[in-house]
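Computation of the quantities below employed the complete heavy-atom set of this structure, encompassing side-chain atoms and omitting hydrogens, waters and symmetry-equivalent molecules.
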Amino acid sequence: MSAYQMVSRHVEAALAEAAKQSIAPDVVATNLLAEAVRILKQHRKPEDVRSALHFAIDTLEDRDWEFMRP
């Protein structure tokens, strides 16, 4: 099992549990993001965390990336 598959499985379980408790998915996501940043800060330099977050922000919009075309 890949790390992504493992995390994805736990996220789906968290979302299911949150739904049972009437907690909105975006609230779960905000808390997951906070935890991810906390973990990243323990293992990476602030510049690396900042770069990862900037990349996530810069790729929020679904768009056609010309450089990724075959």
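- Using a 4.5 Å cut-off between side-chain heavy atoms of Ile, Leu, Val, Met, Phe, Trp and Tyr, I39 forms no hydrophobic cluster with any other residue.
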Tabulate below the donor-acceptor pairs under 3.5 Å that side-chain atoms of residues 4-17 make, not counting sequence neighbours, or state none.
{"unit_1": "Q5", "atom_1": "OE1", "unit_2": "S2", "atom_2": "N", "d": "2.9"}
{"unit_1": "Q5", "atom_1": "OE1", "unit_2": "S2", "atom_2": "OG", "d": "3.4"}
{"unit_1": "E17", "atom_1": "OE2", "unit_2": "Q21", "atom_2": "NE2", "d": "3.4"}

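- The other members of the hydrophobic cluster of V49, by chain and number, are L33, V37, L40, L53 (side-chain heavy atoms under 4.5 Å, ILVMFWY only).
- The side chain to side chain donor-acceptor pair (under 3.5 Å) analysis of residues 36-45, with sequence neighbours excluded, yields the pairs E35-R38.
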Please table the atom pairs, donor to acceptor, closer than 3.5 Å between any side-chain atom in residues 24-31 and protein atoms at least two apart or in another chain.
{"unit_1": "T30", "atom_1": "OG1", "unit_2": "D26", "atom_2": "O", "d": "2.9"}
{"unit_1": "N31", "atom_1": "ND2", "unit_2": "V27", "atom_2": "O", "d": "2.7"}

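- Residues that satisfy the salt bridge (charged side-chain N to carboxylate O under 4.0 Å, His left out) test with E47, not counting sequence neighbours, are absent from this structure.
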